[in-house]
Undergrad: 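I have a structure here, written as structure tokens, and I will follow up with some questions on it.
Counting starts at 1 for both ligands and their atoms, following the listed order. Keep in mind it's a predicted model, so treat the numbers as computed, not measured.
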Amino acid sequence: MPAVASVSPEIRAQYEPVIGLEVHVQLLTETKAFCGCSTRFGSAPNTQVCPVCLGLPGALPVLNRRAVEFATLAAMALQCTINETSVFARKNYFYPDLPKGYQISQFDKPIAEHGAIDIFVAGASKRIGITRLHMEEDAGKSLHDGLPDSRDFTSIDLNRCGTPLIEIVSEPDIRSADEAYDYLTRLKEILLYTRVSDCNMEEGSLRCDANVSVRRKGAPKFGAKVEVKNVNSFRFIRAALEYEIERQIELVERGERVPQETRLYNANEGRTYPMRSKEQAHDYRYFPEPDLPPLIVSDAWRREIAATLPELPDARRKRLAEEYGITPQDAEVLTATRELADQFESAARAAKNPKRVANLVQSELLGRLNASGLAMEESPLTMRGIALAADRAEAGELSSKMLKQLFDRCFETREDFDVVYEREKPQQISDSSTLERMVDEVIAANPKQVEQYRGGKKTVAAFFVGQVMKLSKGQANPALLNELVTKKLDA
Ligand code: ADP
Ligand code: MG
Ligand code: ZN
């Protein structure tokens, strides 16, 4: 809970939050940005280092071609203009986990600029500008509590030094914590589609710094911004922004100035604290990296990279809705990841009725996943299994009640539909004399409906089918049943 004296809704409505996000993303290359060391996560400390990433005298960086391709691909997916020439620069600062004393980054000539992400909040879509996307290398890690005996000192792991990153800087176009949350969700979704990063926040492959200020509505200038650092989930970023917005409004309301500073978010307390001011004095003395030539992404190379760009989430959503006749909500769910969308499409293409597959996902799968706490990719019931079930239902071999029971079994035994179906497939009544007896019974019990039917109201047949189905406890073979009902009524 925000620990500020809460600002009233009336006061709050007089202010406009302004937010810009800086997101660092680790690229999924096998090796580091400027040397051949492995980027594997989780190895023993300081086992993936060499003279280049340790910055030993005389060692020279060589740019990783794959890192450039990934950065370019991400930039294209984010609708950026790719600069044919970009320049690496040294960003100088001292920190124990940065043995070189500088980070190789890009400064005034980044690899890409002027992009956008379309977000969707409160039923409306809005375009958030991306100022720039640049390449840089990561620093190492300081472990304050990573070792059993480390209470009195900090250990340094330099395995991460030199891992390739992209930094994506948004325009200050975001106007609420919810918009910030949606921006991050869309950004992650797009990056995952391009497969340039695993975007795993726990492992630090996606990190976000949030800049936020407030101003009175209609004020011509932005207020002083506060940068909130080291927040490790999208939900916490939203909470940290909510807190900051209220805190800043309160300061302004009291007639105080909001100091421009960097703050840290404490998730346990739900509040932000100023960072020690020493750590905020930024004077990086950028200058062009003398050991690397300017980076040229030629037209030909750019076209080669563009050819590997996958269909992106927004486009895929639209196409799925049109091609399979499913609702926008269904399309949204089914395109949440590229893997899921691929699975859905291959299953739906093979199924007799793709729309039924989509409906089953929405009506039967999602709830069961939720109830069992499983993510989509952990589902025992696969898209292929759902497509099989849809086909059985389409062929009239499976009532919806039976289908639900079989899906329940899939989750109980953690088996896919085909396995469960083979073992437990319902005993259908396909014996016509048994079914005929039931049809006769229902016809005898409903003379009024029989009269309606024979008077020309043919739709009443469905009523009889329903009644017999009930009588058979859902086990009547639907195709045979339909046939018998019409035959008897027409007799
Ligand atoms: P810095 O040089 O301090 O990093 P930048 O101008 O590069 O500042 O902006 C960094 C981020 O802060 C960008 O995402 C930008 O959109 C955002 N930003 C800039 N000014 C403001 C402001 N007054 N309020 C909120 N966010 C801002
Ligand atoms: Mg900054
Ligand atoms: Zn190395």
Undergrad: Under 4.0 Å from a heavy atom of Gly20: which atoms of ligand 1 are those, numbered in the order shown and with their elements?
TA: 14 (O), 16 (O), 17 (C), 26 (N)
Undergrad: What do you reckon, does Ser213 have a nitrogen or oxygen under 3.5 Å from a nitrogen or oxygen of ligand 1?
TA: yes
Undergrad: Flag yes if more than 12 heavy atoms outside Glu30 fall under 6.0 Å of its CD atom; otherwise flag no.
TA: no
Undergrad: Just wondering, more than 12 heavy atoms not from Lys109 lying within 6.0 Å of its NZ?
TA: no
Undergrad: Does Lys91 qualify as a cation-pi partner of Tyr102, given the criterion of NZ or CZ under 6.0 Å from the six-membered ring centre and within 45 degrees of its axis?
TA: no
Undergrad: When you draw lines from the Zn ion (ligand 3) to SG of Cys35 and to SG of Cys53, what angle lies between them, to the nearest 10°?
TA: 110°
Undergrad: In terms of atom number and element, which parts of ligand 1 are under 4.0 angstrom from non-hydrogen atoms of Gly223?
TA: 23 (N)
Undergrad: Can you tell which of Glu227, Lys225, Glu22 gets a heavy atom nearest to atom 18 (N) of ligand 1?
TA: Lys225
Undergrad: Under 4.0 Å from ligand 1, counting heavy atoms only, is it the side chain of Leu21, its backbone, both or neither?
TA: backbone
Undergrad: Checking Arg216 against Tyr15: is there a side-chain donor and acceptor pair closer than 3.5 Å?
TA: yes
Undergrad: Specify the closest pair of heavy atoms between Asn64 and Thr29, including all atoms of both residues, with the distance to one decimal.
TA: ND2-CB, 3.8 Å
Undergrad: For ligand 1, which atoms have a heavy atom of Val18 less than 4.0 angstrom away?
TA: 24 (N), 25 (C)
Undergrad: May I ask you to list the atoms of ligand 1 that are less than 4.0 angstrom from any heavy atom of Phe222?
TA: 23 (N)
Undergrad: Tell me every residue that passes side chain to side chain contact (heavy atoms under 4.5 Å, CB included) with Arg349, counting only those two or more places apart in sequence or in another chain.
TA: Arg319, Glu323, Tyr324, Glu345
Undergrad: If you count the atoms of ligand 1 from 1 in the order shown, which ones are under 4.0 Å from a heavy atom of Val169?
TA: 13 (C), 14 (O)
Undergrad: Can you check which of Asp209, Val214, Asn211 brings a heavy atom nearest to atom 26 (N) of ligand 1?
TA: Asn211
Undergrad: Determine, for Asp97 against Lys141, whether the closest basic-nitrogen to carboxylate-oxygen distance falls under 4.0 angstrom.
TA: no
Undergrad: Near Glu171, which atoms of ligand 1 are under 4.0 Å from a heavy atom of that residue?
TA: 16 (O)
Undergrad: Work out whether the distance between some heavy atom of Ala224 and some atom of ligand 1 is less than 4.0 Å.
TA: no
Undergrad: Provide the closest heavy-atom pair for Ile249 versus Arg12 in the form atom of the first, atom of the second, distance.
TA: CD1-CD, 4.2 Å
Undergrad: Is the number of heavy atoms from other residues, nucleotides or ligands within 6.0 Å of CZ (Arg302) greater than 12?
TA: yes
Undergrad: Examine all N, O or S atoms of Cys161, backbone included, and report whether one is under 2.8 Å from the Zn ion (ligand 3).
TA: no
